[in-house]
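Being a predicted model, the structure only gives us computed values, none of them experimental. Order of listing sets the numbers, starting from 1, for every ligand and every atom in it.
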Amino acid sequence: MECRIGVISGDGIGPEIVAEARKVLDKIGTVYGHTFCYEEILMGGCSIDAVGEPLTDEAVAAAKASDAVLMGSIGGNTATSPWYQLPPEKRPEAGLLRLRKSLNLFANLRPACLYGELREACPLRDAVIGDGFDMVIVRELTGGLYFGARETKEVGGVMTATDTLVYNEEEIRRIAKRGFDIARKRRRKLTSVDKANVLDSSRLWRKIVDEVAAEYPEVSCEHMLVDNCAMQLVRDPGQFDVILTENMFGDILSDEASMVTGSIGMLSSASLNDTKFGLYEPSGGSAPDIAGKGVANPIATILSAAMMLRYSFDLDREADAVEEAVKQVLKDGYRTIDIMPQSGMAQENDVTQVGTKEMGDLICQRIL
Ligand code: NAD
């Protein structure tokens with residue numbers, strides 16, 4: 001198979017972690033007989049520096065011409081970087097929002113899985129962790145509060161800011177279908193999260209989810225209020241399989257779910273439209289505090305590349321091979337700094353700390 005992959009290395013640790021994911025893809029290509037061709041695409045702070053804007057029309061066209069896009073991360077230190085002196089629509093993140101909208105990436109998938117070997121990194125008590133957890137948050141990505149009309153103006157002499165939260169039934173239906181399709185291939189349980197006791201948009205959300213649920217009788221569907229869900233994620237995370245939710249709730253809950261797994265450096269993500277195309281990126285940001293030091297954890301990006309193999313290229317066997325290689329490396333005791341056991345922990349002496357490149361090499365060696 002031959003695949004054209006657009007590569008957005010981006011800012012901060014982005015280029016370092018993307019290089020390792022490419023190395024792993026190339027190893028998969030060699031072992032399984034595929035060709036991956038890469039085209040570098042500029043986005044974020046590096047694009048501002050090079051051409052004065054975070055995303056050009058040419059960059060959007062290049063992404064559209066690819067079969068899928070692999071991304072590192074964009075942005076810098078929001079307190080000190082000159083990129084954040086620019087008006088909001090010129091900042092690095094504006095490029096990502098525009099790209100998501102241009103590619104109609106309405107479905108964001110964020111798995112949150114606790115690996116047995118990293119149990120100690122989980123901030124929850126042992127009794128709460130139980131047998132561990134493995135969930136995926138399916139978040140609507142192109143509607144809701146982040147895309148509604150907004151303004152700040154003086155009303156009766158008082159500065160007043162307004163944001164609007166809009167969803168139509170079609171937007172809800174297509175993300176709900178994605179959620180149920182994913183649940184059908186997993187443990188067949190879907191939790192739809194809303195705030196239907198207060199918001200009209202949530203009441204419509206719940207009605208449409210119920211309509212879609214009727215088309216998937218094999219998947220059990222429950223509704224949960226977002227405040228309760230935030231509590232349940234730290235009280236009993238093992239209860240969740242697929243969490244389906246709207247844009248802002250998903251933004252917040254997926255970060256919470258990330259944290260209970262112990263490391264942001266382990267968490268992959270995919271943003272999909274209604275074709276095979278997807279944008280694959282780690283859940284974390286550009287980590288300016290560790291950029292250039294060679295210590296960033298590349299696993300989230302490598303697992304994002306595995307999601308690309310699975311969802312965009314239908315290469316399930318190859319995706320499994322990458323995921324197994326990651327598990328094996330952890331079993332063999334290799335850790336980047338972010339997932340090292342804290343001093344005094346039982347496993348402290350059984351693990352070896354490695355850098356970004358070494359971790360990529362170790363994973364490649366386990367793809368046979
Ligand atoms: P961050 O995720 O970049 O960093 C938070 C903490 O996690 C830091 O201590 C960092 O060192 C650590 N971390 C993150 N990824 C890691 C990895 N792979 N390995 C080891 N440690 C890792 O969040 P932040 O500091 O709030 O944001 C920094 C910049 O990233 C901001 O400009 C923000 O807007 C941007 N950002 C971009 C994306 C994206 O590109 N999709 C997502 C989130 C944040």
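- Nearest-heavy-atom check against atom 23 (O) of ligand 1 across Pro92, Gly285, Gly45 picks out Gly285.
- Counting heavy atoms only, Asp289 comes closest to atom 11 (O) of ligand 1 of the residues Leu279, Thr301, Ile299, Asp289.
- The distance criterion of under 3.5 Å between nitrogen or oxygen atoms is met by Glu93 with respect to ligand 1.
- The shortest N or O to N or O distance between Asn297 and ligand 1 is under 3.5 Å.
- Between the side chains of Asp361 and Gln365, not a single donor N or O lies within less than 3.5 Å of an accepting N or O.
- Within the listing of ligand 1, atoms 11 (O), 20 (C), 21 (N) sit less than 4.0 angstrom from a heavy atom of Ile290.
- Of the N and O atoms on the side chains of Asp194 and Ser202, not one donor lies less than 3.5 Å from an acceptor on the other residue.
- In this model, no donor atom of one side chain and acceptor atom of the other lie less than 3.5 Å apart for Thr162 and Glu151.
- For atom 3 (O) of ligand 1, the closest non-hydrogen atom of the protein is Ala287 N, 2.7 Å.
- With hydrogens and angles disregarded, a donor-acceptor distance shorter than 3.5 Å links the side chain of Ser286 to the backbone of Gly75.
- For the ligand labelled ligand 1, residue Ala300 lies outside the 4.0 Å heavy-atom shell.
- There is no protein heavy atom less than 4.0 angstrom from atom 26 (O) of ligand 1.
- Among the candidates Phe106, Trp205, Phe249, the single residue satisfying the ring-ring contact (aromatic ring centres under 6.0 Å, His included) test with Tyr167 is Trp205.
- Every N/O-N/O distance between Ala296 and ligand 1 stays at or above 3.5 Å.
- The shortest N or O to N or O distance between Ile13 and ligand 1 is not below 3.5 Å.
- In this structure, atom 31 (C) of ligand 1 has a protein heavy-atom contact shorter than 4.0 Å.
- Taking 4.0 Å as the cut-off, Tyr84 counts as a neighbour of ligand 1 on heavy-atom distance.
- With Asn77, Thr78, Ile264 as candidates, the residue nearest to atom 14 (C) of ligand 1 on a non-hydrogen basis is Ile264.
- Residue contacts with ligand 1, taken as heavy atom pairs separated by less than 4.0 Å, do not involve Ile17 at all.
- Protein heavy atom nearest atom 41 (N) of ligand 1, with residue, atom name and distance: Glu281 OE1, 3.0 Å.
- Counting only distance, with no hydrogens or angles, the side chain of Asn273 and the backbone of Asn104 share no donor-acceptor pair below 3.5 Å.
- Numbered from 1 in the order shown, with element, the atoms of ligand 1 that lie under 4.0 Å from a heavy atom of Asp338 read 20 (C).
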Go through the steps to decide whether Asp26 and Lys23 satisfy the test salt bridge (Lys or Arg N to Asp or Glu O under 4.0 Å), and finish with yes or no.
CA-CA 5 Å; Asp26 288 339; Lys23 211 150 77 180; over 6 Å; no

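- Among protein heavy atoms, atom 40 (O) of ligand 1 sits closest to Ile74 N, 2.9 Å.
- Per-residue contacts place Pro288 under 4.0 angstrom from the following atoms of ligand 1 (heavy atoms of the residue considered): 28 (C).
- Other residues, nucleotides and ligands place more than 12 heavy atoms under 6.0 Å from the NZ atom of Lys101.
- Remark: the Asn77 side chain and the Tyr84 side chain contain no N/O donor-acceptor pair separated by less than 3.5 Å.
- Of the charged side-chain nitrogens involved, at least one lies within less than 4.0 Å of a carboxylate oxygen, so that Lys195 and Asp227 count as a salt-bridged pair.
- Under a 4.0 Å N-O distance rule, the pair Glu39/Arg4 does not qualify as a salt bridge.
- Of the listed residues (Gly95, Ala79, Ser286, Gly10), the one carrying the non-hydrogen atom nearest atom 29 (C) of ligand 1 is Ser286.
- Less than 4.0 angstrom separates some heavy atom of Gly75 from each of these atoms of ligand 1: 32 (O).
- Geometrically, Arg317 does not engage Tyr32 in a cation-pi contact defined by less than 6.0 Å to the ring centre and at most 45° from the axis.
- For ligand 1 and Gly76, the ligand atoms under 4.0 Å from any heavy atom of the residue are 29 (C), 31 (C), 32 (O).
- Considering backbone and side-chain N/O atoms, Leu96 never comes within less than 3.5 Å of an N/O atom of ligand 1.
- The pair Asp210-Lys207 does not count as a salt bridge, with every side-chain nitrogen at least 4.0 angstrom from each carboxylate oxygen.
- Judged by distance alone, the side chains of Ser258 and Glu256 never bring a donor and an acceptor atom under 3.5 Å apart.
- Below 4.0 Å from some heavy atom of Ser73 lie the following atoms of ligand 1, by number and element: 40 (O).
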